[in-house]
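Numbered from 1 within each chain, the chains take letters A, B, ... in sequence-line order. Computed from a predicted structure; not experimentally measured. Below, all heavy atoms of this structure are taken into account, side chains as well, without hydrogens, waters or symmetry copies.
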There are 4 protein chains.
Amino acid sequence: MNKKSIVLQTTLELITKQGIQATSLSQIIKDSGVANGTVYHHFKNKEEIITELYLMLTQDFGTVVMRNIPEDDLKKQFTIMWHNLFDYFVNNPLAFVFSEQIARSPEIPQSLKDKARQYYNEIEAYFRKGIKDKVFKSYNTTVMEELFFGNVVSLVKIHENENVKLLDKHINQAIDISWKGFLRD
Amino acid sequence: MNKKSIVLQTTLELITKQGIQATSLSQIIKDSGVANGTVYHHFKNKEEIITELYLMLTQDFGTVVMRNIPEDDLKKQFTIMWHNLFDYFVNNPLAFVFSEQIARSPEIPQSLKDKARQYYNEIEAYFRKGIKDKVFKSYNTTVMEELFFGNVVSLVKIHENENVKLLDKHINQAIDISWKGFLRD
Amino acid sequence: MNKKSIVLQTTLELITKQGIQATSLSQIIKDSGVANGTVYHHFKNKEEIITELYLMLTQDFGTVVMRNIPEDDLKKQFTIMWHNLFDYFVNNPLAFVFSEQIARSPEIPQSLKDKARQYYNEIEAYFRKGIKDKVFKSYNTTVMEELFFGNVVSLVKIHENENVKLLDKHINQAIDISWKGFLRD
Amino acid sequence: MNKKSIVLQTTLELITKQGIQATSLSQIIKDSGVANGTVYHHFKNKEEIITELYLMLTQDFGTVVMRNIPEDDLKKQFTIMWHNLFDYFVNNPLAFVFSEQIARSPEIPQSLKDKARQYYNEIEAYFRKGIKDKVFKSYNTTVMEELFFGNVVSLVKIHENENVKLLDKHINQAIDISWKGFLRD
DNA sequence: TATGAATGAGCATTCATTCAT
DNA sequence: AATGAATGAATGCTCATTCAT
């Protein structure tokens, strides 16, 4: 494992623990056991470490959401999309931190934000089809996407922060709530 | 307007613009046109400014959500709660920033986080009643609260960030989706 | 003597010894026995220390050159101007360093360069009069000024660097050479 | 063109633009498109690059000043020496930068300074002869050399910095002034 | 000959905080 | 209540240089 990877890995751990802003370069340097200049040999500046990390973590994002989606059964598709996203965030806490911070943080460059928004396309297509198939009510798709995404985020937050142990049944309840909301009356 | 208020007001504006972490005390001092020591005369340290600001902004929070709630009509109550929360966040961007950051930020003391969770009590009571009245399905109330809250947040985010102009009809759609999700089949 | 003055004095000494570029802030801090932050309390940045120092040293520059200039005797005026400038540079090594660096250094802001060029006005007036009085040949005055100034600089350099002890007689020789060059044939 | 030459050429350009001190090795490396270690393969350290560059540029210096000097006509010799030096500096800006910085800069080793002073020998010999021939007044030759040299430098500075367009006539005026200064009364 | 990973001292600057007035 | 001088740890970053390949 080369120094560059060590730096990335250390940064990943620190950011997951403390957030982006609270993670200083000196801490990264200290924790990774790498020399000051070594970091700057591999990265132009602090931002580049974070950007690179972000790209590493999110390059599979788009594919992840749509992984193992079966054909033609809209409800099944919904459930699996939901699980895919939930599992992804649970297993990639940094990706979650990033996706939460993207909305506001000025330190994430716009290009990254744009890139992050690509995965919406497939989700949007999904909702469009649901509306066309008369399964979903014809809500605004941006609203639908945002609510869908937000619901997953809500559950991840419970998973992360609550003392309440989050059980499969709770997740299924959430998926149920989420799904029902979009249906035609 | 006394110096203390000026400091608080300046901090409010800066945090709303830049986030908590990005707002330094020196910037607060510079922007508020107040002397270094004056800030420390009124506040023990930086954290106290933020805490005080947070308390100022959130002390009305609990009452706000339950303002003008009519009796006995669960759907009407839901709609008004939803609007109350949405309007509150839209009109108090800092309260929104805080509520978003509370979940993760290590610099918000636990006591504040606990305090922030009080408003859940009334929302929880609401959902409990809905379940008892056989209007809502008997989902876990934590899940319900979190999804309800998250749905509002999602719309606020659209309101804030999207180029899409958020219309009343979109809000009504969101409320509709949100409400339907909780219903018994 | 307050800390600000100490910093300025220390910087003056260091720059005189080592030049501007070779003088680091940490050295200024170490030598002046002042805390890191104290420097930045008084000065916006390193450049401001140098600028302030420069303004302090050069504000008397214009008056210095024309000090004690007798009326009507062009030769006597020349001699005294020459001595004034020479003595000034010898007694204000930093002013000399600055005036030498002004021509090239990109780190001296243009405003300062402009200010420095003001003293030329009086010297130019002097040469103009000499030409009008038919004492000097009608050379281009910019050339005359630059050569006059350069001659003083040449002698200051000898004074500074040569192992040769610079005697009054050498200075008088230089003035003689300098003067004769401008005369009508 | 081998890597060593590329490094030298790049350094030459950077120093001419920015001065010696402002030119960092990393910049040289970046601009020359050469690897880090390659520089250190060819040069012991940064100083050696500058030294080598300096030697390259000044090895012809001595011969340049005395190029095409006719025999026996002291005035003609003076004029050509003057032009030689002026043209050399105008065409070799770096040589000019060096010659200007040599006097003060502590980073030019003494050995180089000594070497640079060799060309004075021939100029000194010239002035000695002028004095012996009773054309020049018997001024101190160091003073004469320094003034002669300084006069050329003054004109080069006008050439470089002034908005005033420097014409041949101005140069001839300068030579005239310079020459007359040294003459016997 | 050429490379580029690695180093750590050093740099200018910002930060939250203390304290005497 | 208000000021602002003073502090020094910490930050992000640049530097010249070494060394194994």
Problem - Minimum-distance nucleotide (side-chain atoms of B/His42 versus E/dA6, F/dA2, F/dC13) - result: F/dA2

Handout entry: Shortest side-chain distance from D/Ser24, nucleotide among F/dC15, E/dT13, F/dT3
Key = F/dC15

Problem - Pair pattern of DNA chain E in dot-bracket, where unpaired bases get dots and | marks partners in another strand, Watson-Crick or G-U under 3.5 angstrom - result: .||||||||||||||||||||

Practice task
Could you check whether B/Thr38 gets within reach of a base, just the sugar-phosphate, or nothing at all, counting any heavy atom under 4.0 Å?
Solution key: base

Exercise for the section: Have a look at A/Leu25 and say if it touches a base, only the backbone sugar-phosphate, or nothing, with a 4.0 Å heavy-atom cut-off. Expected result: sugar-phosphate

Handout entry: Members of residues 4-12 of chain A that approach DNA chain F, where some heavy atom sits under 4.0 Å away
Key = none

Fill in the blank from the handout: Sorted by chain and residue number, the side chain to side chain contact (heavy atoms under 4.5 Å, CB included) partners of A/Leu14 (sequence neighbours excluded) come out as A/Thr10, A/Lys17, A/Gln18, A/Thr23, A/Gln27, A/Ile28, A/Asp31

Practice task
List in chain and number order the residues that pass ring-ring contact (aromatic ring centres under 6.0 Å, His included) with B/Tyr88, two or more places apart in sequence or in another chain; answer none if no residue qualifies.
Solution key: B/Phe61

Practice task
Could you identify which residues of residues 26-34 of chain B place a heavy atom less than 4.0 Å from some atom of DNA chain E, listed by residue number, or say none?
Solution key: B/Ser26

Completion exercise
Between CG of C/Asn2 and P of F/dA5 the distance, given in whole Å, is 9 Å

Could you go through nucleotides 19-21 of chain F and list every protein N or O atom that sits under 3.5 Å from one of its N or O atoms, giving the distance for each pair?
none

Handout entry: d(NE2, A/His41; C1', E/dA9) in whole Å
Key = 18 Å

Exercise for the section: Flag the pair D/Lys44 and D/Glu52 as a salt bridge only when some basic side-chain nitrogen lies within less than 4.0 angstrom of an acidic carboxylate oxygen. Expected result: no

Fill in the blank from the handout: By nearest-heavy-atom nucleotide on DNA chain E, the more 5' of A/Ala35 and B/Asn45 is A/Ala35

Practice task
For A/Glu47 and F/dG12, give me the distance from atom CD to atom P, rounded to whole Å.
Solution key: 13 Å

